[in-house]
Amino acid sequence: MARGVLSFPLTSFHDDGTLDPDGFRAHVAAQIATGPGALFPACGTGEFFSLDEDEYRQVVTIAVEEAGGRLPVVAGTGYGWAQAVRFARIAEEAGADALLVLPHYLVAAPQDGLVAQLEQIAARTRLPLIAYQRGQVAFGVDAFRRVAEIPGVIGLKDGHSDLDRLQRLTLAAPEGFLFFNGASTAEIQARAYATVGVPAYSSAVHAFAPEIANAFFTALREGDEGNGTVGKLLRDFYVPLVELRDRVPGYAVSLVKAAARLRGRPVGPVRAPLTDPSAADLADLERLLASGLDLVGADL
């Protein structure tokens, strides 16, 4: 998975909100063609929370078919453990390689409960699990040690960006345990995460501008920082994108889908409770996207 950015494809919908399997297949094929390290369908960026079980089955099946064994397919699952297991079994049948366990629904929980959630899921699926700490899920060192000992749990995706805590977790992890930077617009903090031993990261930008995401990834790996490609893209593209993203709740997904549509990708609108960007925000996004692509020598 460290060979390239981690792709989190968008789930395609028709204008009436129904699933668009053909559009999703085309989007996934285009994502794979740009060389990501792994494919994560039906996760946060893919609006897992809005899919019913039949739609989820179609999405994961298409991702597996398009991947064709060339790269890992890690499907999202979540809610309480009983429902997470239902999705896990569908992902197994569809041929997924692993599962990303998204933060559970609604309620806060103690550390023992967070561990038990993963124990219950792991005991009921053959697929390896990657835990995702974000929102109401945050593991302390003691709980994390217990998580890492659960058979089948192979990694942790972090969305809190608490590098002190994360460093303590990496030091407590068994050899070979996987860690991923799962912060929103992860490139902003990619250098900081790498300093605590977490160089792998997910990229929402890859879903609409793989040229930018791959240019940043390559430059970062080659040490081209400061006033080079990394610094330029951070200053002139990624930071303005985050500022635009922060205008409205849910834009972390909505803007990504809108940017993909601006480039002619067949991803359609978001589903409620998310909303598509306003006309003014869409105009700002289009200008920023054109500028970012120009920075890496690509066209809108």
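Values in this document were obtained by computation on a predicted structure and should not be read as measured data. Hydrogens, waters and symmetry mates are skipped; everything else that's a heavy atom, side chains included, is used. Numbers here simply count residues along the sequence, with the first being 1.
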### Message
Salt bridge check, Arg146 against Asp112: does any charged N sit closer than 4.0 Å to a carboxylate O?
### Response
yes
For residues [X] and [Y], is any side-chain donor paired with an opposing acceptor at under 3.5 Å?
X      : Y      : answer
Thr185 : Arg245 : yes
Tyr56  : Thr77  : no
Arg165 : Thr170 : no
Gln31  : His206 : yes

I'd like a table of donor-acceptor pairs (distance under 3.5 Å, sequence neighbours excluded) in which one partner is a side-chain atom from residues 278-288, with atom names and distances.
from, atom 1, to, atom 2, distance (Å)
Ser278, OG, Asp281, N, 3.1
Ser278, OG, Asp281, OD2, 3.3
Asp281, OD1, Arg247, NH1, 2.6
Asp281, OD2, Tyr251, OH, 2.8
Asp284, OD1, Arg287, NH2, 2.2
Asp284, OD2, Arg247, NH1, 3.0
Asp284, OD2, Arg247, NH2, 3.2

### Query
Between the main-chain N or O of Ala215 and the side-chain N or O of Thr218, is there a donor-acceptor pair closer than 3.5 Å?
no
### Message
Out of the candidates Cys43, Ser202, Pro41, only one should pair with Leu100 under the side chain to side chain contact (heavy atoms under 4.5 Å, CB included) rule; please name it.
### Response
Cys43
### Message
Take a 6.0 Å sphere around CG of Asp15 and say whether it holds more than 12 heavy atoms from other residues, nucleotides or ligands.
### Response
no
### Task
Compute both the distance and the angle, then confirm whether Lys157 meets the cation-pi test with Tyr132: under 6.0 Å from the six-membered ring centre, within 45 degrees of the axis.
yes
### Message
My understanding is that only residues two or more places apart in sequence, or in another chain, count here; which of them pass salt bridge (charged side-chain N to carboxylate O under 4.0 Å, His left out) with Glu55?
### Response
Arg271
Ignoring hydrogens and angles, write down the donor-acceptor pairs under 3.5 Å from the side chains of residues 57-65, residues two or more places apart or on other chains.
from, atom 1, to, atom 2, distance (Å)
Arg57, NH1, Glu93, OE1, 2.8
Gln58, NE2, Asp54, OD2, 3.1
Thr61, OG1, Arg57, O, 2.7
Glu65, OE1, Arg25, NH1, 3.2
Glu65, OE1, Arg25, NH2, 2.8

